[in-house]
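One structure below.
When reading the values below, keep in mind they use all heavy atoms of this one structure, side chains included, and skip hydrogens, waters and symmetry mates.
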Amino acid sequence: MATKNLNLTEKLKHYFGFDKFKGDQEAIIRNLLDGNDSFVLMPTGGGKSLCYQLPSLIMEGTAIVISPLIALMKNQVDVINGLSEEEGVAHYLNSSLNKAAIQQVIDDVRSGRTKLLYVAPESLNKDEYVEMLREVKISFYAVDEAHCISEWGHDFRPEYRNIRPTINRIGNAPVIALTATATDKVRNDIKKSLGILDAPEFKSSFNRPNLYYEVRSKTKDIDRQLIMFIKQHAGKSGIIYCLSRKKVEELAAVLQTNDIKAAPYHAGLDSAKRSQTQDDFLMEKIDVIVATIAFGMGIDKPDVRFVIHYDIPKSLEGYYQETGRAGRDGGEGICVAFYAYKDLQKLEKFMEGKPVAEQDIGRQLLQETAAYAESSVCRRRMLLHYFGETYTKDNCGNCDNCLHPKEKREAKDALLVVLKAVMAVKENFRQNYIIDFVKGRPTDDITSHKHDQLEDFGEGEDIDPKLWNPVIRQAIIAGYLKKDVENYGILKITAAGKRFVKSPVSFLIVEDTVFSEDYEEESAEGGTALDPVLHSMLKDLRRRTAQKLNLPAYVIFQDISLEQMATMYPITLQELQNIQGVGAGKAKRYGQPFCDLIKKHCEENDIERPEELRVRTVAKKSMLKVKIIQSIDRQVALDDIANAQGLDFDELLTEVEAIVYSGTKLNIDYFIEEVIDDDHIDDIYEYFQESETDDIDVAQRELGPEYSEDELRLVRIKFLSEMAN
């Protein structure tokens, strides 16, 4: 199709309503219309999909778009069909369709009505679809998320390896491969696998100047840091990525408990729930999504203001793509990653049991991530270098390392030692091997190659060992060393490196950041001193309140709650809910006079309250509590609930007691009336109404042996629920 005289801007305006193309879009489209293969590397938000959507509407035949993302397919098909007056211009074929829907797609494709067909790679390989597509004129094949072809990509999918053989079975047409992240190594893999080695490359810059990058040490108070961060950016949209589904659920619950509109998102949730969460995020009913990497693919929300990595990602490509979901509108985008060496070790452990080659690739990718996290070099410069782009500025002014630069130190001698070592071992080994070699460590690997006998072995043993990693990493960025593309990770010396060896010049580096080794989960509240004067005033207030309401004192607040109030000094109902045994209902019902008393006491005695935010923690059992409450609402027998949750009856009662003590109302009448005699219920209820204490042993002594402990506990739950909540 000759495109010289074709007015593409007119077509763009007609179909999409845009006045002009972005970046390389027009050149890419013309190349495709001319019948050529294309390789497109365009960062998230750069407008990749338009590069195949517009030509599919102009060209004769049906374009096949191969994509792994079911949510994205649906989204884009809706968009294209919304642009057209006719039905069926765009369709998708994947596992989510029923038989009738599949038949409709096949009919529309055969009739020539469909210009754009999205196919999951698994579906493309099915014989019945191959046969059907052989009868159809194919305008071109677009391979979206093409990095999935490469084991070095961050989302490798074996079925992507079959794309070329399947294209050969269906019939030849131009191929356009598109990806938002690919290193030289991955680019090579993609072009080889798709058989488009001669395709021109259209490469957009990976620099997103509006994104701020920061890496923080992952410490014990990470949840507190997160909550403070989100509250400082109240009302803004953000995504928090975690590696495990369990952590996603736990963290979402902690945020919700601290009054942040958050929801979890991962592949283990059913698809209706996931869609609902996505819609709520787009419609701003929730501010924060806590997700595994399953989230955000094809989510076109332009105003995500922060992306936080709770766990360090498995690869820099994954990290770049996930951070790329921030600030797509060019506005603020804050990207914070929490890093602890322990997390890296955990990720390495996950790889055990995988094929050796896969483990090796995984470790190399993890090392790149560690290098990014630990380095004190400009983050932007490191990221862009990883994707084969040179960033020339010394200071980007929008990352933590550039805003708080470290002092540089001379490393000319260390670099010389490294470069000579790389040459001495014939440019055939990776960074760790080179470091062992220069330090003079006779490892099994080194001795088996007899490299401990070389003259340069141990040449750097007097140099500060902390320098080797930053020297090698910064030598790569400076262009003295490079990593081999075919045997990734093997260090080669460049022409500039050889010149340096002949005549060394100054080489200034910044040392790596040292991260904390230890971050255990937050422990139970430590022992701050109890204020005895305040404690006795609170007890007095509780006694007066109880008398006025004709209730036992323990119904108002338990002793443990008063002790914590006299330690933490809560002065708002919000803060009061951080106290053990105080839920929202109880705080509302009884809390205000207690807060007023504490506030007055603090003012009169110049008491400095613990200023830092107290994070309301969600006990690990919070999911269990939710299940118990839901089961009781459905009137499931308590012994059946205990069995279902793997608890004995005694443990279940303890959980139910904790729920009602903190102010949640539960109606267990349906169960009590089945298992306890009416007279017994009345006797026990009356006892607790008049008793000074809720202690079961005391109740047992007062009421006598014919009342069992379970009966006493069950009626106490009923009493507390009705009277206190």
Is there side-chain contact between [X] and [Y], with heavy atoms separated by less than 4.5 Å?
X      : Y      : result
Val582 : Tyr590 : no
Leu243 : Leu347 : yes
Ser691 : Val698 : no
Asp531 : Asn605 : no

Counting only N and O atoms by type, is there a donor-acceptor contact under 3.5 Å from the side chain of [X] to the main-chain atoms of [Y]?
X      : Y      : result
Glu575 : Ile571 : yes
Asp648 : Asp650 : no
Arg208 : Ala326 : yes

Applying side chain to side chain contact (heavy atoms under 4.5 Å, CB included) between [X] and each of [options], report the one that passes.
X      : options                        : value
Pro264 : Gln256, Glu250, Arg274         : Gln256
Asp303 : Glu284, Lys236, Arg328, Glu332 : Glu284
Ile260 : Ile286, Ile227, Val290, Val254 : Ile227

To the nearest 0.5 angstrom, please state how far the [atom1] atom of [X] sits from the [atom2] atom of [Y].
X      : Y      : atom1 : atom2 : result
Leu534 : Phe594 : CG    : CZ    : 10.5 Å
Ile230 : Asp287 : CD1   : CG    : 9.0 Å
Arg713 : Thr654 : CZ    : OG1   : 4.0 Å
Ile308 : Ile334 : CD1   : CD1   : 8.5 Å
Leu282 : Thr277 : CG    : OG1   : 11.0 Å
Ile641 : Gln630 : CD1   : CD    : 11.0 Å

| query | Which of parallel (below 30°), tilted (30 to 60°) and perpendicular (above 60°) describes Phe671 and Phe649? | reply |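 Rings of Phe671 and Phe649: tilted, as their planes differ by 30° to 60°.
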| query | Angle class for the Tyr319/His309 ring planes (parallel below 30°, perpendicular above 60°, tilted otherwise)? | reply |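 Ring orientation, 0 to 90° scale: tilted.
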| message | Checking Asp606 now: which residues fulfil side-chain hydrogen bond (donor to acceptor under 3.5 Å, both in side chains) with it, not counting sequence neighbours? | response | none
| field | Arg544 vs Asp540, salt bridge (Lys or Arg N to Asp or Glu O under 4.0 Å): CA-CA, chis, key distance, verdict | value | CA-CA 6 Å; Arg544 292 199 311 273; Asp540 192 46; 2.6 Å; yes
| query | Are a donor atom and an acceptor atom from the side chains of Tyr310 and Asp343 found within less than 3.5 Å of each other? | reply |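 Side chains of Tyr310 and Asp343: no pair found under 3.5 Å.
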| query | With distance as the sole criterion, is a donor-acceptor pair present between the side chains of Glu706 and His680 under 3.5 Å? | reply | no
| task | Applying salt bridge (Lys or Arg N to Asp or Glu O under 4.0 Å), run through Asp329 and Arg305 and close with a yes or a no. | result | CA-CA 10 Å; Asp329 56 3; Arg305 290 292 162 240; 2.6 Å; yes
Can you give me the closest heavy-atom contact between [X] and [Y], atom names plus distance?
X      : Y      : value
Arg245 : Thr292 : N-CG2, 4.1 Å
Leu316 : Thr369 : N-OG1, 3.7 Å
Ala180 : Tyr320 : O-CE2, 4.1 Å
Ala699 : Phe688 : CB-CZ, 4.3 Å
Leu269 : Glu249 : CD2-OE2, 3.9 Å
Thr664 : Ser721 : O-OG, 4.1 Å

| task | Give a yes or no on whether a salt bridge exists between Lys247 and Asp311, defined as a side-chain N under 4.0 angstrom from a carboxylate O. | result |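 No, Lys247 and Asp311 are not salt-bridged.
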| field | side-chain contact (heavy atoms from CB on, under 4.5 Å) involving Asp400 - partner list, sequence neighbours excluded | value |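 Expected list: Tyr212, Glu214, Val215, Arg379.
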| field | Verdict with reasoning, Lys586 to Gln558, per side-chain contact (heavy atoms from CB on, under 4.5 Å) | value | CA-CA 11 Å; Lys586 196 162 259 203; Gln558 288 173 279; 5.6 Å; no
| query | Does Glu690 CD have over 12 foreign heavy atoms under 6.0 Å away? | reply | yes
| query | Does CG belonging to Asp633 count more than 12 external heavy atoms closer than 6.0 Å? | reply | yes
| When you look at Val555 and Phe719, which way does the side-chain contact (heavy atoms from CB on, under 4.5 Å) test go after all the steps? | CA-CA 9 Å; Val555 166; Phe719 171 73; 3.6 Å; yes
| task | Report the C-alpha distance between Lys273 and Asp280 in whole Å, list the side-chain angles of each, state the deciding distance to 0.1 Å, and finish with yes or no for salt bridge (Lys or Arg N to Asp or Glu O under 4.0 Å). | result | CA-CA 10 Å; Lys273 178 83 188 111; Asp280 288 350; over 6 Å; no
| request: Establish, yes or no, whether a centroid distance under 6.0 Å links the rings of Phe229 and Phe306. | output: yes
| request: Take Tyr687 and Leu712, measure what side-chain contact (heavy atoms from CB on, under 4.5 Å) needs, and give me the verdict at the end. | output: CA-CA 10 Å; Tyr687 163 79; Leu712 296 172; 6.0 Å; no
| task | Output all residues satisfying salt bridge (Lys or Arg N to Asp or Glu O under 4.0 Å) with Lys349, sequence neighbours left out; order by chain, then residue number. | result |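 Result, salt bridge (Lys or Arg N to Asp or Glu O under 4.0 Å) vs Lys349: Glu352.
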| task | Would you mind telling me which of Lys539, His535, Gln564, Arg542 makes a side chain to side chain donor-acceptor pair (under 3.5 Å) with Asp559? | result |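 Running side chain to side chain donor-acceptor pair (under 3.5 Å) over Lys539, His535, Gln564, Arg542 with Asp559 returns exactly one hit, Arg542.
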| task | Please assess Leu538 against Ile598 for the test side-chain contact (heavy atoms from CB on, under 4.5 Å), listing each intermediate value before the final yes or no. | result | CA-CA 8 Å; Leu538 290 168; Ile598 296 166; 4.0 Å; yes
